[in-house]
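Per chain, numbering begins at 1; letters A, B, ... match sequence-line order. In this text the structure is predicted, and so the values were computed from the model without any measurement.
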There are 2 protein chains.
Amino acid sequence: MIMIIIIGVKKELDPKLLDKLEKAEYRITRQRRAVMKVMYEQKGAHLSAEEVLVAAREKAPNLGIATVYRTLDRLASMGILYKTEFNEGKYRYELADADLHQHHHILCIGCGKIFELEERLLDTLEQQLEREGFHIINHQLKILAYCPDCNKSRK
Amino acid sequence: MIMIIIIGVKKELDPKLLDKLEKAEYRITRQRRAVMKVMYEQKGAHLSAEEVLVAAREKAPNLGIATVYRTLDRLASMGILYKTEFNEGKYRYELADADLHQHHHILCIGCGKIFELEERLLDTLEQQLEREGFHIINHQLKILAYCPDCNKSRK
DNA sequence: CCAATAATGATAATCATTATCATTATGGTA
DNA sequence: TACCATAATGATAATGATTATCATTATTGG
Ligand SMILES: [Mn+2]
Ligand SMILES: [Mn+2]
Ligand SMILES: [Zn+2]
Ligand SMILES: [Zn+2]
């Protein structure tokens with residue numbers, strides 16, 4: 001079996017994470033806590049900023065969209081969230097996996113459904129997927145890295 | 001050697017392509033020809049719609065941005081162009097490789113430079129890249145496919 | 001409590017993309 | 001060739017996502 005469909009599993013805010021954030025000169029405000037809580041509660045979901053806003057307002061009623069953007073982007077740049085673009089002209093955010101790299105996605109050209117995909121695999125992968133009934137049109141891999149120049153010149 | 005940096009190589013519009021387009025109930029208008037010409041001339045470049053507009057207006061002076069978008073998107077959906085998002089909130093277009101799948105990109109987190117990457121590789125790849133001086137932070141793979149349901153239900 | 005600073009939220013501004021729609025170009029046909 | 005149906009175009013308005021501003025509020029350390 002290849003596919004991993006993760007459905008929303010409730011999960012409390014990880015105290016370790018909160019510590020980590022506090023150490024990173026990052027105040028745990030009511031608003032930020034609300035945003036993080038939403039991302040935890042909807043682990044596995046790919047949420048737009050607007051969707052996060054709606055959900056988080058239940059915990060922090062007059063939360064503003066600007067704060068949502070600020071919080072999501074900051075968490076993403078700390079590696080706590082993934083920020084991904086599913087060919088719809090906006091970004092979606094998702095709680096990151098515990099380990100380093102991001103898992104992958106299969107985006108159905110027909111219905112737009114998104115299938116979660118474990119990483120590692122890939123070589124024999126497409127054949128396997130075809131055997132399971134998918135019809136693969138294309139794939140895109142994006143590697144985020146520091147190039148040799150930039151890598152050298154950072155402290 | 002892994003990297004492939006393609007620099008702009010002049011190339012005429014492929015007559016085979018024009019045939020293909022004509023067969024696809026697609027008129028070869030002055031405007032569309034201008035857009036395609038730009039993409040051919042700048043083979044290897046990742047152009048935004050706006051950039052295509054500016055370049056193509058040299059050939060079709062009062063070309064409008066709407067036509068550029070229409071043309072680019074149509075060519076992309078025919079597989080003649082790639083449409084990719086480099087984490088900057090807009091799409092870029094590039095002449096597709098002759099063979100099926102899209103090549104990949106390494107996006108430097110430091111300077112924003114984009115490195116072209118041959119496909120196939122990938123498993124031992126990251127290690128190789130690290131050896132060559134890159135520092136890899138993350139990667140994202142997006143597979144575009146028909147899911148089993150959609151695949152079944154299309155003629 | 002006070003001053004310095006960080007965070008917030010309302011709102012305006014920006015930017016990319018899409019929708020409208022009147023006008024123009026094209027291809028087939030009588 | 002003149003005519004009609006239809007495709008294509010381009011100016012412009014509309015939309016939608018994201019970012020910038022900035023006055024107000026919250027927090028922290030003294
Ligand atoms: Mn996911
Ligand atoms: Mn490329
Ligand atoms: Zn589907
Ligand atoms: Zn760099």
Side-chain angles (χ1 to χ4, degrees), chain A residues 18-38 46-78 80-94 112, chain B residues 18-38 46-78 80-94 112:
Chain A
L18 295 180
D19 285 356
K20 183 177 170 188
L21 289 174
E22 265 169 354
K23 269 169 205 143
E25 47 135 58
Y26 195 72
R27 290 182 193 162
I28 312 298
T29 64
R30 187 166 27 87
Q31 292 88 338
R32 287 171 180 172
R33 184 181 290 272
V35 167
M36 282 188 282
K37 206 110 194 299
V38 166
H46 308 110
L47 302 175
S48 68
E50 191 62 32
E51 288 166 351
V52 172
L53 176 68
V54 170
R57 272 189 169 160
E58 292 182 13
K59 303 166 205 301
N62 42 12
L63 177 62
I65 187 68
T67 297
V68 172
Y69 274 108
R70 286 186 285 239
T71 304
L72 291 175
D73 282 344
R74 185 123 180 209
L75 292 174
S77 75
M78 293 177 73
I80 293 162
L81 303 180
Y82 298 145
K83 179 178 181 181
T84 318
E85 214 278 329
F86 290 108
N87 291 349
E88 53 179 357
K90 68 181 163 194
Y91 294 107
R92 290 187 174 276
Y93 301 81
E94 167 181 26
Chain B
L18 295 179
D19 285 357
K20 182 177 170 188
L21 290 174
E22 265 168 356
K23 269 169 203 141
E25 45 135 60
Y26 195 72
R27 290 184 193 160
I28 311 297
T29 64
R30 186 164 29 87
Q31 293 87 337
R32 286 171 181 174
R33 183 181 290 273
V35 168
M36 282 188 285
K37 204 110 195 300
V38 166
H46 309 109
L47 302 175
S48 69
E50 192 62 34
E51 288 167 352
V52 172
L53 176 69
V54 170
R57 271 189 170 160
E58 292 182 13
K59 302 165 206 298
N62 42 11
L63 177 63
I65 187 69
T67 296
V68 171
Y69 273 108
R70 285 186 286 240
T71 303
L72 291 175
D73 283 343
R74 187 124 177 206
L75 293 175
S77 74
M78 295 175 74
I80 294 162
L81 302 180
Y82 299 145
K83 179 179 181 179
T84 317
E85 214 278 328
F86 290 108
N87 292 349
E88 54 179 356
K90 68 183 163 193
Y91 294 108
R92 291 187 174 273
Y93 301 81
E94 167 181 26

Over how many whole Å does the gap from [X] atom [atom1] to [N] atom [atom2] extend?
X: A:N87; N: C:dT17; atom1: CG; atom2: P; value: 12 Å
X: B:L63; N: C:dT24; atom1: CG; atom2: P; value: 17 Å
X: B:R33; N: D:dA8; atom1: CZ; atom2: P; value: 15 Å
X: A:E85; N: D:dG16; atom1: CD; atom2: C1'; value: 13 Å
X: B:D73; N: C:dA16; atom1: CG; atom2: P; value: 15 Å
X: B:E88; N: C:dT14; atom1: CD; atom2: C1'; value: 15 Å
X: B:R92; N: C:dA16; atom1: CZ; atom2: P; value: 9 Å
X: A:Y91; N: C:dC15; atom1: OH; atom2: P; value: 15 Å

Below 4.0 Å: OP1/OP2 of [N] and any side-chain N or O of [X]:
X: B:R30; N: D:dA8; value: no
X: B:Q31; N: D:dG10; value: yes
X: B:R32; N: D:dT9; value: yes
X: A:T29; N: C:dT8; value: yes
X: A:Y69; N: D:dT18; value: yes
X: B:T67; N: D:dG10; value: yes
X: A:R27; N: D:dT28; value: no

### Task
Report the nucleotide, chosen from D:dT18, D:dA8, C:dT17, that has the shortest atom-to-atom distance to any side-chain atom of A:A49.
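Selected nucleotide: D:dT18.
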### Message
Can you confirm whether the side chains of A:T67 and A:R70 place a donor and an acceptor under 3.5 Å from each other?
### Response
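There is such a pair between these side chains.
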### Query
Which atom names give the shortest non-hydrogen contact between B:R92 and B:H46, and what distance separates them?
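Minimum heavy-atom contact is NH1-O, 3.0 Å.
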### Query
Touch check for B:I65, heavy atoms < 4.0 angstrom, all strands: base, sugar-phosphate only, or nothing?
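Counting heavy atoms under 4.0 Å across all strands, no contact is made by B:I65.
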### Pairwise side-chain contact, B:M36 with B:L75, heavy-atom cut-off 4.5 Å (strictly under)
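In short, these two side chains touch, coming nearer than 4.5 Å.
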### Query
Side chain of B:Y91, backbone of B:A49: donor and acceptor closer than 3.5 Å?
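Not a single qualifying donor-acceptor pair exists.
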### Message
Assuming nearest nucleotide by heavy-atom distance, tell me which of A:Y93 and B:G64 is located more 5' along DNA chain D.
### Response
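In this pair, the answer is B:G64.
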Show me the donor-acceptor pairs, under 3.5 Å and distance only, between side chains in residues 58-65 of chain B and residues at least two apart or in other chains.
residue, atom, partner, partner atom, Å
B:K59, NZ, B:E41, OE1, 3.4
B:K59, NZ, B:E41, OE2, 3.3

